[in-house]
Protein chains: 2
Amino acid sequence: MRQIENMFSKSCEYGLKAVIYIASQSLEGKRIKIDDIAEKAGSPRAFTAKILGTLTKFNIINSLKGPYGGFDIEIKRMKEIKISEIVFAIDGDSIYNGCALGLTECNAQEPCPMHENFVQIREELKKMLETTTIFELATKFNSGESILVRKDRIAS
Amino acid sequence: MRQIENMFSKSCEYGLKAVIYIASQSLEGKRIKIDDIAEKAGSPRAFTAKILGTLTKFNIINSLKGPYGGFDIEIKRMKEIKISEIVFAIDGDSIYNGCALGLTECNAQEPCPMHENFVQIREELKKMLETTTIFELATKFNSGESILVRKDRIAS
DNA sequence: ATTATTTCAGACAAATTTATCTTAATATAA
DNA sequence: TTATATTAAGATAAATTTGTCTGAAATAAT
Ligand code: SF4
Ligand code: SF4
C-alpha cells in the first residue's frame with residue numbers, strides 16, 4: 001500500500017530536483033541538457049523531460065532547442081519563484097482545498113472529524129511551500145550543504 | 001497528475017473513516033456490518049472490507065462472523081489507539097524515514113535541499129497522528145460536530 | 001542549405017493503486 | 001444439524017501513475 005512519505009508525487013519530486021539542479025547550474029552561468037539533469041538528479045530521463053516541458057510552459061524555466069540548447073533559469077527569476085509554483089504547475093492547486101479524509105472538498109462549516117488537526121498542518125505546509133524559493137534551495141545545493149542523489153544510487 | 005491533497009492513500013482514508021464510524025457506533029453499544037460502514041462512510045464496500053481485514057489483524061478493531069456479526073471496538077481501546085497506528089497498519093512506517101525529494105532515505109547528515117523545511121512539517125504531522133485518538137474523532141462525529149460524507153455524495 | 005544537436009509531443013508500456021467479484025470459512029439461531 | 005448471515009481471502013479487473021520510445025520541430029554551426 002501507498003506510503004505517506006510521498007508528500008509529493010514522483011512527478012513533483014523529479015520536477016523539484018530538476019529545477020534545483022538547473023538553477024544551481026544557472027547560478028554558475030551554465031545552460032544544462034536533459035541528459036545531464038536526469039543523471040545528476042537521479043531521475044528517469046524521458047519522464048523528467050516531460051515534466052520539464054510542463055514547467056517550461058508555466059514559465060518557470062527556459063528551454064532552448066538545438067546545439068548549445070538545454071534548460072536554464074534567470075537568477076532574478078529563481079529568487080522570485082516559490083516552490084509552491086512548481087507544485088502547482090505539476091500537481092495542481094488541490095493543496096488549497098483537499099480533505100484529509102477524501103471528502104469532496106474542505107469546508108470548515110461542515111468539517112470532517114480530522115479537520116482541526118489536519119488544517120493546522122496543511123497551513124504550515126502551504127506556508128513553507130510559499131516562502132521557500134528556488135534560489136534558496138539551489139544555493140544550498142551549490143554550496144555542498146545538500147545533495148540530490150544518495151551515493152548508493154549513483155553507484156548503480 | 002497526482003494531487004498533494006492526498007496526504008493519505010485511499011486505503012488509509014477508507015480505513016480511518018471506517019474506524020471512526022465503527023467507534024462512533026461502539027460508543028452507542030452497537031456492532032456494525034460492513035455494508036452499513038461502506039454506506040455511512042461513503043466508501044466502496046469490497047475495498048473497505050479488505051482494509052478492515054488488515055485492521056482486524058492489527059487488533060485495532062474486532063470482527064465477528066455470522067448473524068449479529070460485524071465490527072466493533074472497545075471504548076477502552078479507542079481511547080488508547082492513536083491514528084498513527086491505523087496509518088501504520090495500512091501504509092507502513094515510512095512516515096518516519098521518507099524524503100520529500102524521494103531520496104532513498106532521510107539523513108540529516110547528508111540532507112536533500114528541502115530537508116530543513118520538510119522535517120519541521122513532518123514532525124508536526126507525526127505529532128498530530130501520535131496524539132489524536134480514535135475516541136476523540138468518534139466523539140466529535142457522534143456529537144454531530146463533524147461528518148464523514150458530504151451531502152452531494154450521499155445523494156448519488 | 002545541410003547537418004548535428006537538442007527539446008517537444010504524443011503514442012505506447014509497465015507498475016502500482018484502487019476496486020470488484022466469487023468462493024470459502026465461521027458464527028448464530030432455530 | 002441445518003439454514004442463514006456475515007466476514008475472510010484470493011483472483012481478477014479497472015484506473016491512475018510512472019516510465020519509455022519514436023519521430024517531429026527548432027536551433028546553431030558550418
Ligand atoms: S479535515 Fe474536514 S474540513 Fe478539512 S479537508 Fe478534511 S473534511 Fe474538509
Ligand atoms: S528532506 Fe533531506 S533529509 Fe529529509 S527526507 Fe528529504 S533528503 Fe532526507
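Below, read A as the first sequence line, B as the second, and so on, with proteins coming before strands; counting in each chain starts at 1. Bear in mind that the values here come from a model prediction, so they are computed numbers and not experimental data.
Checked by atom type and distance alone, the side chain of A:K40 never pairs as donor or acceptor with a backbone atom of A:A38 at under 3.5 Å.
For the pair A:D36 CG and C:dT7 P, the interatomic distance rounds to 10 Å; values are reported in whole Å. Regarding A:I37, its CD1 atom lies at a distance of 11 Å from the C1' atom of C:dT7, rounded to whole Å. To the nearest angstrom, P of D:dA5 lies 17 Å from CD1 of B:I32. The interatomic distance linking A:K33 (NZ) with D:dA28 (C1') rounds to 12 Å, in whole Å. Between the P atom of D:dA8 and the CG atom of B:L55 lies a distance of 11 Å, rounded to the nearest Å. Between A:L52 atom CG and C:dC8 atom P there is a gap of 8 Å when expressed in whole angstrom units. Counting to the nearest Å, the P atom of D:dA8 and the NZ atom of B:K57 are 9 Å from each other. Following rounding to the nearest Å, B:I34 (CD1) and C:dA19 (P) show an atom-to-atom distance of 13 Å.
Side-chain contact, A:D91 with A:S9: a donor N or O sits under 3.5 Å from an acceptor N or O.
Annotation: the span from B:I51 atom CD1 to B:E13 atom CD amounts to 10.0 Å, rounded to 0.5 Å. Atom CD of B:Q120 sits about 11.0 Å away from atom NE2 of B:H115, to the nearest 0.5 Å. Interatomic distance, A:F58 CZ to A:I81 CD1, rounded to the nearest 0.5 Å: 11.5 Å. With rounding to the nearest 0.5 angstrom, the CZ atom of B:F135 is 9.5 Å from the CG atom of B:N142. Interatomic distance, A:K57 NZ to A:L52 CG, rounded to the nearest 0.5 Å: 12.0 Å.
Considering only side-chain atoms of A:T56, the nucleotide from C:dC8, D:dA8, D:dT18 that sits closest is C:dC8.
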- Query: Given the rule in the salt bridge (charged side-chain N to carboxylate O under 4.0 Å, His left out) test, do B:E130 and B:K127 qualify, once you have shown the distances and angles that lead to the verdict?
  - Reply: CA-CA 5 Å; B:E130 291 173 358; B:K127 190 173 148 197; over 6 Å; no

- Query: Taking protein heavy atoms under 4.0 Å as touching, what does nucleotides 20-30 of chain C look like 5' to 3' if B marks base contact, S marks sugar-phosphate-only contact and - marks none?
  - Reply: BB---BBBBS-

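Distances shown here put a side-chain N or O of A:S63 below 4.0 Å from the OP1 or OP2 atom of C:dC8. Within the structure, a side-chain polar atom (N or O) of A:Y14 is placed less than 4.0 Å from OP1 or OP2 of D:dG19.
When A:K33, A:R77, A:R31 are each tested for a salt bridge (charged side-chain N to carboxylate O under 4.0 Å, His left out) with A:D72, only one passes: A:R31.
Rounded to 10 degrees, the angle separating the terminal helix axes of the helix from C:dA1-D:dT30 to C:dA30-D:dT1, each built from five base pairs, is 10°.
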